2 protein chains.
Amino acid sequence: MTLTFKLNERLYLRDPQHTELGRKIILKSIDLIDSLGFEHFTFRKLADEIDSTEASIYRYFENKHRLLHYLTAWYWSWLEFRIDLFTGNIREPKSKLRECLRIVSEEKKVDPTFEFINEEALHRIVISEMEKTYLTKWVEDDNKAALFIGFESLCQKIANMILQVRPGYAFARSLASTLLLTTNQQLFFSAHLPSLTDLSDSPQRHPSLDVFLEQMVFGALNAH
Amino acid sequence: MTLTFKLNERLYLRDPQHTELGRKIILKSIDLIDSLGFEHFTFRKLADEIDSTEASIYRYFENKHRLLHYLTAWYWSWLEFRIDLFTGNIREPKSKLRECLRIVSEEKKVDPTFEFINEEALHRIVISEMEKTYLTKWVEDDNKAALFIGFESLCQKIANMILQVRPGYAFARSLASTLLLTTNQQLFFSAHLPSLTDLSDSPQRHPSLDVFLEQMVFGALNAH
DNA sequence: TCGTATATGATAGCATTACTATCATAAATT
DNA sequence: AATTTATGATAGTAATGCTATCATATACGA
């Protein structure tokens, strides 16, 4: 059995999960963006890789920005899915939030539940490129089209967990968004700009991102 | 008297602060990037605005990315300058860090100490575009050329303040970089993606960014 | 089974971008 | 007075981000 996520229809022109070509676009675009970087990634290059044409890819996605939106939305849906999976049966609010932090910060491995997606490469893309989905002149339009709903939904879920731990805390959404973005930023820094972080890029990632996040989140809640 | 910052020479080909044309490039590029966004900003458009030519601008900056580097480096130098100015005579570590947080999060107004720079517009640029200086395939090379030294230096300064408050804290640099980036992110969200933050975009910015940061930073230090 | 809709491929074209190069001229320096 | 230096004027080029048109293959429904 293969699961798929129902993503906002406005992310694409034709649903890539439904066709062979669509799945090839997703599969190969992850590889290409991961290796070239989003700036140097073009539909022309992607078309060559999958032995198709630029025009065909444009029938699936309005442009490469929408494709990036699609990929990041998929990532956040996947992360939310994992959080639900592992925290669903935890009742105690603090333990639940703690487990959530663990999942957010854990190293991402390929998940066989979902074919066509290399989650490890996709995480690298989200780390390096995600902010480019909203740091544009069209943010507000894109937001009206609900393109950020994957990220917003996850943020809201974490904000609710935070409020379970500390009802009345005034910055639940801010803390949730900070938490998600900080995670990826610190991982980026540890890989590329080590002087901006205390985390190392080694497999053990010591001192641990997990501990940093936990102290920050629970610290903020206790300071309140 | 007009102050100028000595920025890393590799940020430019010819120092724009030394010539009339150079100063026009800086002055007008801030306006243009602020209004068009970095993606739609081009040297051609800038040349038209200042009645010069593309070729002339290329004699000052290798490309528009380097110009963005220059502007953000200027901004971080300016912020560090202000922090030094206002915290220089505070001895008590906690008060010092608290004042630092206030300066980082305060609304940025035009500073008459520096001609040619509209700090208010520049802050909007830093908020929306700064991450594009390092989210590229050339991060590591740019880092070797010390292009990030303005940000790194400020980070290190704040990390040291943090360590004065809590010696032995393991995440001083991570907390410092998180603090600076979170500030701008939350301001961006309050202006464009309000569901991701608790801050409002109103002039009073209530509840206050300042309080959020303080609880987060001191909370993290107390949790340790 | 025939007719038609749909998906893809093939090819072309076009405005804009991000440069690079060359030459002329004006201003500053020696 | 000679010459270096800064700027402007102009041209050109490969790549990018599309859009358009037409042919063909396949699927689907009557």
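Since this is a predicted model, take the numbers as computed values, not measurements. Each chain gets a letter, A, B and so on, in the order the sequences are listed, and its residues count up from 1.
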Q.
What is the distance, to the nearest angstrom, from the CG atom on B:Leu68 to the P atom on C:dA18?
A. 13 Å
**Q.** Test side-chain contact (heavy atoms from CB on, under 4.5 Å) applied to B:Cys155 and B:Leu180, B:Thr178, B:Leu179, B:Leu175, the passing residue
**A.** B:Leu180
Q.
If I take atom CD in residue B:Glu20 and atom P in nucleotide C:dA28, what distance separates them, rounded to the nearest angstrom?
A. 12 Å
Q: Please report, rounded to the nearest Å, how far the C1' atom of C:dG9 is from the NZ atom of A:Lys24.
A: 12 Å
Q | salt_bridge(A:Arg66, A:Asp142) N-O dist < 4.0 Å | A | yes
**Q.** A:Lys45 side chain near D:dA15 phosphate (N/O to OP1/OP2, under 4.0 Å)
**A.** no
Q) Between C:dA21, C:dC19, C:dG9, which nucleotide gets closest to the side-chain atoms of A:Ser52? A) C:dG9
(Q) Classify B:Phe43 by what it touches in the nucleic acid, base, sugar-phosphate, or nothing, heavy-atom distance under 4.0 Å. (A) nothing
Q.
Can you measure A:His40 atom NE2 to D:dA14 atom C1' for me and round it to whole angstrom units?
A. 14 Å
Q | Euclidean distance, atom CZ of residue B:Phe41 to atom C1' of C:dT16 [Å, nearest integer] | A | 16 Å
Q. When you check the phosphate oxygens OP1 and OP2 of C:dA10, does a side-chain N or O of A:Thr53 lie under 4.0 Å from one of them?
A. no
**Q.** First of A:Tyr60 and A:Arg44 reached from the 5' end of DNA chain C, by closest nucleotide
**A.** A:Tyr60
Q. Mind checking whether B:His69 and B:Phe148 have ring centres under 6.0 Å apart?
A. yes
Q) Side chain of A:Glu54: nearest nucleotide among C:dT17, D:dG17, C:dC19? A) D:dG17
Q) What's the spacing between B:Ile33 CD1 and B:Thr42 OG1 if we round to 0.5 Å? A) 10.5 Å
(Q) Using a 4.0 Å heavy-atom cut-off, does A:Arg14 contact any base of the nucleic acid, only the sugar-phosphate backbone, or nothing at all? (A) sugar-phosphate
Q.
If you compare every side-chain N and O of B:Lys64 against the phosphate oxygens of C:dT17 (OP1, OP2), does one of them come in below 4.0 Å?
A. no
Q: Figure out the CG/P separation between B:Asp15 and D:dT5, and round it to whole Å.
A: 17 Å
Q: Using heavy atoms to find the nearest nucleotide of DNA chain D for A:Arg59 and B:Gly22 separately, return the residue whose nucleotide is more 5′.
A: B:Gly22
Q) Any side-chain N or O of A:Ser56 less than 4.0 Å from the OP1 or OP2 oxygen of C:dG9? A) yes
Q.
Restricting to non-hydrogen atoms, name the atom on A:Thr197 and the atom on B:Ser174 that form the minimum distance, rounded to 0.1 Å.
A. OG1-OG, 2.9 Å
**Q.** Integer-rounded Å distance: C:dT17 C1' and B:Leu46 CG
**A.** 15 Å
**Q.** Rounded distance in Å - OH (B:Tyr58) to C1' (D:dG8)
**A.** 16 Å
